[in-house]
Amino acid sequence: MRLSRYFLPVLKETPADAQIVSHQLMLRAGMIKQAAAGIYSWLPLGYRVLRNIERIVHEEQQRAGHIPMLMPTLQSADLWRESGRFDAYGPEMLRLRDRHERDMLYGPTNEELVTDIFRSHVSSYKTLPLTLYHIQWKFRDEIRPRFGVMRGREFLMKDGYNFDLTEEDARHAYNRHLVSYLRTYERMGLQTIPMRADSGPIGGDDTHEFVVLAETGESEVFYDSEVTDRRFGDRVIDYDSHDDCRAVFEEFTSHYARTGETHDEALFHERVPEARRRHARGIEVGQIFYFGTKYSEPMGATVQGPDGKPVPVHMGSHGIGISRLLGAIIEASHDERGIVWPAAVAPFQVGIVNAKQGDPASDAACEKLYATLARAGIEVLYDDRTERAGAKFATMDLIGLPWRVTVGPRGLADGVVELTNRRSGEREELAPSQLQGRLSE
RNA sequence: CGGGCUGUGGCGCAGCUUGGUAGCGCGCUUGUCUGGGGGACAAGAGGUCGCGGGUUCAAAUCCCGCCAGCCCGACCA
């Protein structure tokens with residue numbers, strides 16, 4: 001992409017409304033524009049990152065055997081009356097009427113819809129286990145939206161639902177999701193800690209939240225310092241193996257780690273030596289639930305078992321806050337100059353800075369490099385504006401691409417360009433012909 | 001929803017106390033000189049001062065109402 005033909009409305013000054021660094025940087029980097037309280041337009045740069053995160057979530061979900069689909073944002077109130085949540089959910093649910101005065105709602109979550117799909121089409125235990133998920137916009141009419149995309153009213157979320165014949169199978173689905181989520185977040189360069197949490201209006205007995213530790217987090221968390229050393233890493237796992245998934249579950253949840261609502265001070269003291277007790281703040285980026293037959297019973301989601309008798313299915317649901325993740329990643333990865341994107345989610349992998357636009361040698365070298373990299377499938381943003389080098393550097397630092405190539409008369413006189421790593425600041429000089437190989441490492 | 005605050009050009013702000021020509025910085029346009037960390041100079045464009053009503057010869061400024069947004073608290077991917 002040529003920056004001169006792109007749409008990247010960066011701001012030099014920080015808008016007054018933004019309180020936390022991720023919100024400030026998203027606005028300054030031209031990623032989002034507020035449309036109303038807690039509702040944002042995703043400008044091209046922000047949209048690219050959003051899509052990258054979405055893609056990773058899709059890949060990891062499908063790796064775990066979960067099946068993608070898409071349910072609508074607008075739902076009929078009827079199903080929610082059936083589950084009893086039309087009244088129970090409260091004013092956080094946005095209710096509206098269509099032209100025929102029928103009660104509708106903008107979905108805050110999708111248990112009712114997916115359960116309805118399930119009961120319409122699944123009648124045999126042979127179809128189980130089944131996990132369906134989708135990535136769709138949700139609306140929750142928060143009392144006070146804030147912190148940009150971290151607490152918006154409209155937000156993009158992956159929500160998935162597992163249907164199993166037995167509690168044992170459903171527990172496995174729970175563990176499998178925990179493993180899958182750990183992988184997902186690590187791929188985005190985030191360390192998350194699964195914490196025992198409160199189930200809120202979704203209901204159910206068992207639930208863990210995935211928390212990114214951050215000063216600006218909205219949740220109060222208590223944990224054993226041991227948990228921060230855990231890494232899933234690149235281990236290979238058989239998602240169908242109950243034992244393998246349970247082992248990971250136990251490894252990551254054996255130490256004390258709880259959010260404020262479920263925190264038990266006495267237990268904390270009993271189980272964690274004082275030197276390892278931590279009290280901090282965190283950002284919730286996902287949550288998994290096991291809720292048994294809470295929805296399947298009232299809504300009649302049953303299957304015929306091997307003995308021919310109908311049994312309600314055991315269910316769980318699981319969510320990842322896709323749009324919130326942008327904020328969480330920036331909170332966890334930035335410096336005084338701007339965002340530092342982990343490569344996996346970066347809007348472009350490399351930015352080319354033409355230090356002297358209009359200089360024939362510089363222009364030619366940049367054009368050639370741009371074409372070569374693009375042809376190699378590397379996502380590259382070429383800053384071909386007639387700005388001075390300093391302004392281009394500042395823009396690149398702000399938008400946080402992993403690599404920057406600086407091309408100018410100075411280096412070209414020696415036959416080299418400069419490659420700079422955004423995170424470490426390390427720079428090396430190399431011939432333009434070596435660049436593609438270096439970036440593909 | 002309670003408490004506090006703010007709406008003035010795309011962004012950041014001043015002007016309001018004491019009513020009388022709408023201003024500054026950034027950004028934007030054009031030109032010249034520049035050119036490796038947000039350049040200099042010059043000339044420009046751009047504003048129903050959130051909306052409605054009132055007071056007044058005259059309202060960004062005073063009064064009333066409404067709307068929007070932000071912050072602090074109780075709720076949440």
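Residue numbers start from 1 in every chain, and the chains themselves are labelled A, B, ... in the order their sequence lines are given, proteins ahead of strands.
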Using a strict threshold of under 4.0 Å (side-chain N to carboxylate O), is an ion pair present between Arg63(A) and Glu60(A)? yes
Dump the pairs, protein N or O against N or O of nucleotides 31-35 of chain B, anything under 3.5 Å, distances to one decimal.
{"residue": "U34(B)", "atom": "O2", "partner": "Arg388(A)", "partner atom": "NH1", "Å": "2.6"}

Output the rounded distance in Å from OH (Tyr133(A)) to P (A77(B)). 21 Å
Looking at residues at least two apart in the chain, or sitting in another chain, which of them share a side chain to side chain donor-acceptor pair (under 3.5 Å) with Asp87(A)? none
Does any nucleotide pair with C51(B) by Watson-Crick or G-U wobble geometry, both distances under 3.5 Å, and what is it? G65(B)
C62(B) to U56(B) separation - C1' atoms, rounded to the nearest Å: 10 Å
For U21(B), the nucleotide meeting Watson-Crick or G-U wobble distances (both under 3.5 Å) is none
For Pro9(A) and Leu43(A), the nearest pair of non-hydrogen atoms, with its separation, is CG-CD1, 3.9 Å
Pro409(A): which residues meet the side chain to side chain contact (heavy atoms under 4.5 Å, CB included) condition with it, sequence neighbours left out? Lys356(A), Asp359(A), Ser362(A)
Base-pairing assignment for G44(B) (Watson-Crick or G-U wobble, both under 3.5 Å): C28(B)
For Ala37(A), side chain to side chain contact (heavy atoms under 4.5 Å, CB included) partners two or more places apart: Pro145(A), Arg153(A)
Output yes when Arg97(A) and Asp103(A) qualify as a salt bridge under the 4.0 Å nitrogen-oxygen rule, no when they do not. yes
Across the strands shown, which category fits Glu284(A) at heavy-atom distances under 4.0 angstrom: base, sugar-phosphate, nothing? sugar-phosphate
Would you name the heavy atoms of Asp116(A) and Ser120(A) that are closest together and state the gap between them? O-OG, 2.8 Å
Contacts of type side chain to side chain contact (heavy atoms under 4.5 Å, CB included), residue Glu112(A), not counting sequence neighbours: Leu79(A), Trp80(A), Ser83(A), Arg85(A), Tyr295(A), Met299(A)
Is the phosphate of A77(B), meaning OP1 or OP2, less than 4.0 Å from a side-chain N or O of Lys138(A)? no
Looking at residues at least two apart in the chain, or sitting in another chain, which of them share a side chain to side chain contact (heavy atoms under 4.5 Å, CB included) with Arg230(A)? Glu251(A), Phe252(A), His255(A)
Using atom P in both nucleotides, what's the gap between A77(B) and G3(B) to the nearest angstrom? 28 Å
Leu398(A) atom CG is separated from C11(B) atom C1', nearest whole Å, by 14 Å
Can you tell me the Watson-Crick or wobble partner of C1(B), both distances under 3.5 angstrom? G73(B)
Testing G37(B), C75(B), C11(B) for proximity to the side chain of Glu142(A), the answer is C75(B)
In whole Å, what is the span from the CD atom of Glu220(A) to the P atom of C75(B)? 12 Å
Closest non-hydrogen contact found for Arg281(A) with Glu218(A) is NH2-O, 3.0 Å
Can Phe155(A) be said to stack with the base of A77(B), given centres closer than 5.5 angstrom and planes under 30 degrees apart? yes
Atom-to-atom span, NE2 of His23(A) to P of C11(B) - whole angstrom: 13 Å
Determine the Euclidean distance between corresponding C1' atoms of G44(B) and G37(B); express it in Å to zero decimal places. 29 Å
Please assess Asp383(A) against Arg404(A) for the test salt bridge (charged side-chain N to carboxylate O under 4.0 Å, His left out), listing each intermediate value before the final yes or no. CA-CA 10 Å; Asp383(A) 191 344; Arg404(A) 186 184 85 203; over 6 Å; no
Assess whether one donor atom and one acceptor atom, taken from the side chain of Arg28(A) and the base of G27(B), lie less than 3.5 Å apart. no
For Leu190(A) against Ala332(A), the heavy-atom pair lying closest together: CD2-CB, 3.9 Å
Regarding the side chain of Arg427(A), the nearest nucleotide among G37(B), A77(B), G12(B) is G37(B)
Find the distance Ile143(A):CD1 to C75(B):C1' and express it as a whole number of Å. 5 Å
Check: G25(B) base within 3.5 Å donor-acceptor of Glu13(A) side chain: yes
Rounded to whole Å, please give me the gap between CD in Glu111(A) and P in A77(B). 11 Å
Residue pairs, two or more places apart or on separate chains, that pass ring-ring contact (aromatic ring centres under 6.0 Å, His included) and touch residues 408-441 of chain A: none
Can you pull out every salt bridge (charged side-chain N to carboxylate O under 4.0 Å, His left out) where at least one residue sits in residues 32-59 of chain A? Sequence neighbours excluded, please. Arg48(A)-Glu379(A), Arg51(A)-Glu54(A), Arg55(A)-Glu59(A), Glu59(A)-Arg187(A)
With a 3.5 angstrom cut-off on both distances, give the Watson-Crick or G-U wobble partner of A60(B), or none if there isn't one. none
All N/O pairs under 3.5 Å across the protein-nucleotides 68-72 of chain B interface:
{"residue": "G69(B)", "atom": "OP1", "partner": "Ala37(A)", "partner atom": "N", "Å": "2.9"}
{"residue": "G69(B)", "atom": "O3'", "partner": "Gln34(A)", "partner atom": "NE2", "Å": "3.3"}
{"residue": "G69(B)", "atom": "O2'", "partner": "Asp17(A)", "partner atom": "OD2", "Å": "3.4"}
{"residue": "C71(B)", "atom": "OP2", "partner": "Arg144(A)", "partner atom": "NH1", "Å": "3.3"}
{"residue": "C72(B)", "atom": "OP2", "partner": "Arg144(A)", "partner atom": "NH1", "Å": "3.1"}
{"residue": "C72(B)", "atom": "OP2", "partner": "Arg144(A)", "partner atom": "NH2", "Å": "2.6"}

Under 6.0 Å between the ring centres of Tyr174(A) and Tyr290(A)? no
When you measure from every atom of RNA chain B, which of residues 321-336 of chain A have a heavy atom less than 4.0 Å away? Gly321(A), Arg324(A)
Please output the side-chain donor-acceptor pairs of residues 336-347 of chain A that fall under 3.5 Å, not counting sequence neighbours, one pair per line with the distance.
{"residue": "Arg337(A)", "atom": "NE", "partner": "Asp397(A)", "partner atom": "OD2", "Å": "2.9"}
{"residue": "Trp341(A)", "atom": "NE1", "partner": "Ile399(A)", "partner atom": "O", "Å": "3.0"}

Tell me the interatomic distance from Met188(A), atom CE, to A77(B), atom C1', rounded to whole angstroms. 13 Å
Within residues 402-424 of chain A, residues whose heavy atoms come under 4.0 Å of RNA chain B: Arg404(A), Thr406(A), Gly408(A), Pro409(A), Arg410(A), Gly411(A), Glu418(A)
Between NE2 of His177(A) and C1' of A77(B) the distance, given in whole Å, is 14 Å
